[in-house]
Amino acid sequence: MKKYKHEAIEAKWQKKWDESKQYEVNLADAPRPFYNLMMFPYPSAEGLHVGNVFAFVGSDIQGRFHRMNGYDVFEPIGFDAFGIHSENFALKVGTHPSKLVPENIKNFRENQLKRAGNMYDWTHEVDTTSPEYYRWTQWIFIQLYKAGLAYRATAPVNWCPSCKTVLAAEQVVSGECERCSTVVTKKDMAQWFFKTTAFAQKLLDNLEIIDWSEKTKVAQRNWIGRSEGAQVTFKLDGHDEGFEIFTTRPDTLFGVTYMVFAPEHPLLKKIVTEDNQQKFKAYRKRVATMSEVERQAEGLEKTGVFTGGYAINPVNDERVPIWVSDYVLMGYGTGAIMAVPAHDQRDFEFATKFGLEIRAVISPDGRVHPLEEAYTGKGVMINSGSFDGLDSTEGIRKVTQWLAEKDLARFQVNFRLRDWCISRQRYWGPPIPIIYCDKCGTQPVPDNELPVRLPDIEDYQPDGSGDSPLKRVSEFFYTTCPTCNGPAKRETDVSDNFLCSAWYFYRYPSTNFNDRAFEAALTKKWLPVDLYVGGNEHAVLHLLYSRFLCMALNQIGLIDFEEPFNKFVAHGIITKDGGKMSKSKGNVVNPDDFIKRYGADAFRVYLMFMGDYLEGGDFRDEGVPAMRGFLDRVWSHVTGDDLDEDEPDDSETLYWLHYTTRTVTNDIKRFSYNTALARLMELLNHISRASVKNRVVNETFVKLLAPFAPYISEELWERLGHDTSVYDESWPKYREEHTTRKTIEYVVQFNGKVRAKLPIDVGLSQEEIETVVMANERVKTLMEGKEIVKKIFVPNKLVNLVVK
RNA sequence: GCCGAAGUGGCGGAAUUGGUAGACGCGCUAGGUUCAGGGUCUAGUGGGUGUAUGCCUGUGCGAGUUCGAGUCUCGCCUUCGGCACCA
């Protein structure tokens, strides 16, 4: 018996898989398609992160498992290589990204991904930076533009001074840049947006019908932020026109004692009176220079100024002062609110500070109480004219209806979700395919001129001017109008990297088609994706954008489904020493070292055994050699002496075999890989201790191990005398009657405490079991001087005697 | 502040519907093999008690429901994640 040598075995099977095209799928003819997708990596110079390996292996196990269950599994991989990350790294090391990226991709593909042992179909690889790919990224942009789902607007957008570009709302995490944690500021700029808000309700509703990790859905629900209420019209005192506010609590309209406008609100031009102009302008200027973070740091203390203007409350024609404060945001609702200090904590703080009236109109019990803070709960309406005594929940509806009849209000739903700002003032991305002509206006680049190639330039440093470095390239910037042939200018911004990744899974099956983004028949056959595995950090980024784009493509009529991923599973996070891995801490796990030393299989098995796949776990270096030990034991057992060719008949072996098959099957289905491996270890412990040398047992074991450890499984399968792949075998079946033992160790409890254990044959009646239990010596001793009050019988588990 | 998830030995972690808490692995202890080291195999391993196949105790804390609670209910504490002046 030779020792298990992983280097030779892994090299051998990589070669064999390549040569036999084992993982290539006939996409057009596959009878049972299963699209197994994993989030494609960004090919960094540091190499594949252990978190990527963890994610991919967990996904690959599903691919291999489905394959053995008769599916035609398509498991592609690619590279998400555009974006600031690549560009910044290139700037740092002084090598052009167009040179760096292919090197990194090669390293990822040849030295890392292939070794990890996933069943990728390399004939459908995607690289978002190749013109053959980004041509279609641009084409998609144009389709959205033509459908009215992409528009250009000047708006206060999020600007990262460090990245020197604007960001989408989703890329700002509590006021800081998602990538570099720099405090983001607001800047008025003309930007391209995708109308994600057009699908806000659908993005929310469809969460009910897709099979996604609950935590991902929750994050999306929070982000979409639907709230129901009313849009109410207030008149401006002394003006003809009025303005609208949004409120979720129209039942508190009688408690309005002032109004607040966001400092940027355009109507303030008319509202602010002459003698209040100066302090208003000073206030607005101060707010404009502050970042979101600074505003929130000062947020405990409310600030604001009086405008001098008044509004008329539509419910009681009262004249209420209009104030300006930065606690009202221009980007949500109408940018103006009605303030009800008695029932809103923010309004309460503001009113307290500026000495404004606080008038209670909702009471938990119908009586008036002095308020220490705002009462935000429900209750009975008071001080509310004819609505007095009404339940506030009903009041919301009734007050809105009453005002609606007078055309002063309407029911309204608001979302926090914003349109997706996709312009980036950077170099390393797909240029936005738009041409501006003074005569003909904004023109999409005609299809036959795609791709708009990213010019190869030496100086691609962002300058922070608010323009992309491409604007400095006159051959690029100056062009001709596709309509009138006159002089025109190109859009110089590139698109957000998240646009590249929002559609890559449509491209995988269609990589052989150069005349279309995705081939209709293949798309119909393979999409939506059957299973998508990835990190939850993309819950409101990549995953939200992908869902939006799918709905957009569906509306345009390019695809016939609304949701791109039928099932999404969010895997956990791997930590080291309980915390995040980072270069500064020097605790980054390098997969290559472990794969080299202990083998890819041991590394895979350890990653999956470490903890719950959906929860993640803490990586310990000692874990990998421990799993190598397990594989060594597997090796020596399976490659051992001559095998018994008969069906196994020993009842204990039958039990272990069928019980393990059942639990491993179910555990893989629910991504419980750590327990599946534990069961395999138990089976191995049994068969090696009991020296079970049986073909059926060994072959079943290898098949059950195969999704986790592909190289050793193929090798062992071959050594068991087969000349075909173990992945062409079908998944083992179990027989229910063998999954439990013939004799069960019953627990006898007295008053719920375990007092005895005795073996009892399966299949006895309750009376027979009781007889056996009562005849037991130990039970008899315990029963002395006691009386049975109650007997509880749990089949195949326990007997509990309640005695006194 | 709101929403969500979690808290179990020295450690990573198990425990479908309430039914033997600690599976499996690491580490540790003892022993076999070995000149030794390493490797490997066998046994043991929550705490307390000590003649025990015994008894007591034990799943963040405090109550409760139940014959029986890691699991269910109520009230706290802690950690992590999401949202956050969103009207």
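The structure displayed is predicted, hence computed values, not measured ones. Below, chain A is the first sequence line, B the second, and so on; all start at residue 1.
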Colleague: Could you tell me whether the phosphate oxygens of B:rA87, OP1 or OP2, come under 4.0 Å of any side-chain nitrogen or oxygen in A:Ser227?
Modeller: yes

Colleague: Nearest-Å distance, CD (A:Glu615) to P (B:rG4)?
Modeller: 16 Å

Colleague: Taking atom types as modelled, find out whether A:Asp419 and A:Thr197 have a side-chain donor-acceptor pair closer than 3.5 angstrom.
Modeller: yes

Colleague: Among B:rC3, B:rU17, B:rC24, which is the nearest nucleotide to the side chain of A:Val218?
Modeller: B:rC3

Colleague: Check for me whether the distance between the ring centres of A:Phe261 and A:Phe243 falls short of 6.0 Å.
Modeller: yes

Colleague: Checking all strands, does A:Gly623 fall into the base, sugar-phosphate, or nothing category for heavy-atom contacts under 4.0 angstrom?
Modeller: nothing

Colleague: Distance check needed: B:rA87 C1' versus A:Tyr258 OH, whole Å only.
Modeller: 11 Å

Colleague: Need the glycosidic conformation of B:rG39: syn if within 90° of 0, anti if not. Which one?
Modeller: anti

Colleague: Taking the six-membered ring for Trp and the full ring for Phe, Tyr or His, determine whether the centres of A:Phe594 and A:Tyr606 are under 6.0 Å apart.
Modeller: no

Colleague: Identify whether any heavy atom of A:Met627 sits under 4.0 Å from a base atom; if not, whether one sits that close to sugar-phosphate; answer base, sugar-phosphate or nothing.
Modeller: sugar-phosphate

Colleague: A:Tyr327 OH to B:rA87 C1': how many Å, rounded?
Modeller: 8 Å

Colleague: Roughly how far apart, to the nearest Å, are B:rA21 and B:rG32 at atom P?
Modeller: 36 Å

Colleague: Can you find a donor-acceptor N/O pair under 3.5 angstrom joining the side chain of A:Arg679 to the base of B:rA23?
Modeller: yes

Colleague: Taking the P atom in each of B:rU8 and B:rA14, what is the distance between them to the nearest angstrom?
Modeller: 11 Å

Colleague: When the distance from CG of A:Asp618 to P of B:rG7 is rounded to whole Å, what number comes out?
Modeller: 16 Å

Colleague: At under 4.0 Å between heavy atoms, what does A:Asp612 touch on the DNA or RNA strands: base, sugar-phosphate, or nothing?
Modeller: sugar-phosphate

Colleague: Rounded to the nearest angstrom, tell me the gap between atom NZ in A:Lys791 and atom C1' in B:rG68.
Modeller: 18 Å

Colleague: Taking atom C1' in both B:rC24 and B:rC74, what distance in whole Å separates the two?
Modeller: 36 Å

Colleague: Can you tell me, in whole Å, how much space there is between the C1' of B:rC80 and that of B:rU34?
Modeller: 49 Å

Colleague: Suppose you measure atom C1' in B:rC55 against the same atom in B:rG7; what distance do you get, rounded to whole Å?
Modeller: 30 Å

Colleague: Distance check: side-chain N/O of A:Asn800 vs OP1/OP2 of B:rU20, anything under 4.0 Å?
Modeller: no

Colleague: Now, which nucleotide makes the Watson-Crick or G-U wobble pair with B:rG75, with each of the two distances under 3.5 Å?
Modeller: B:rC61

Colleague: Please work out if A:Val340 contacts a base, only the sugar-phosphate, or nothing of the nucleic acid, heavy-atom cut-off 4.0 Å.
Modeller: nothing

Colleague: Compute the ring centroids of A:Phe54 and A:Tyr613, then answer whether they are less than 6.0 Å apart.
Modeller: yes

Colleague: Taking atom C1' in both B:rG19 and B:rA52, compute the distance separating them and give it to the nearest angstrom.
Modeller: 27 Å

Colleague: Considering only atom C1', compute the distance from B:rU42 to B:rU57 and round it to an integer number of Å.
Modeller: 31 Å

Colleague: Would you indicate what A:Arg226 reaches in the nucleic acid, counting non-hydrogen atoms under 4.0 angstrom: base, sugar-phosphate, or nothing?
Modeller: nothing

Colleague: Applying side chain to side chain contact (heavy atoms under 4.5 Å, CB included), run through A:Leu167 and A:Glu178 and close with a yes or a no.
Modeller: CA-CA 9 Å; A:Leu167 303 171; A:Glu178 176 244 349; over 6 Å; no

Colleague: Under 4.0 Å, counting only non-hydrogen atoms across every strand here, what does A:Lys757 touch: a base, just sugar-phosphate, or nothing?
Modeller: base

Colleague: What class does the angle between the rings of A:Phe498 and A:His538 fall in, given that below 30° is parallel, 30 to 60° is tilted and above 60° is perpendicular?
Modeller: perpendicular

Colleague: Using whole Å, report how far CZ of A:Arg418 lies from C1' of B:rA84.
Modeller: 12 Å

Colleague: Counting just side-chain N and O atoms, does A:Lys215 come under 4.0 Å of either OP1 or OP2 of B:rG4?
Modeller: no

Colleague: Pairing check on B:rC35: which nucleotide meets the Watson-Crick or G-U wobble criteria with it, both distances under 3.5 Å?
Modeller: none

Colleague: Starting at CZ of A:Phe630 and ending at P of B:rC41, how long is that distance when rounded to a whole Å?
Modeller: 13 Å

Colleague: What's the gap between B:rC67 and B:rG82 when it is taken at their C1' atoms, as a whole Å value?
Modeller: 43 Å

Colleague: Over all strands shown, is A:Asn536 touching base, sugar-phosphate only, or nothing at heavy-atom distances under 4.0 angstrom?
Modeller: nothing

Colleague: Select base, sugar-phosphate, or nothing to describe what A:Gln345 touches, counting heavy atoms under 4.0 Å on all strands.
Modeller: nothing

Colleague: Looking for any heavy atom pair under 4.0 Å, which part of the strands does A:Val802 touch: base, sugar-phosphate only, or nothing?
Modeller: sugar-phosphate

Colleague: Between A:Arg755 and B:rC55, is there a contact of a side-chain N or O with OP1 or OP2 at under 4.0 Å?
Modeller: yes

Colleague: Less than 4.0 Å between a side-chain N and a carboxylate O, is that true for A:Asp621 and A:Lys576?
Modeller: yes

Colleague: Heavy atoms from C-beta onward define the side chain here; which of B:rU17, B:rC3, B:rU42 lies closest to that of A:Arg689?
Modeller: B:rU42

Colleague: Using whole Å, what does the distance between atom P of nucleotide B:rG13 and atom OH of A:Tyr613 come to?
Modeller: 16 Å

Colleague: I want to verify a distance call: between B:rG19, B:rA87, B:rC67, whose nearest atom is closest to the A:Tyr332 side chain?
Modeller: B:rA87

Colleague: Mind checking whether A:Tyr673 and A:Phe708 have parallel, tilted or perpendicular rings, split at 30° and 60°?
Modeller: perpendicular

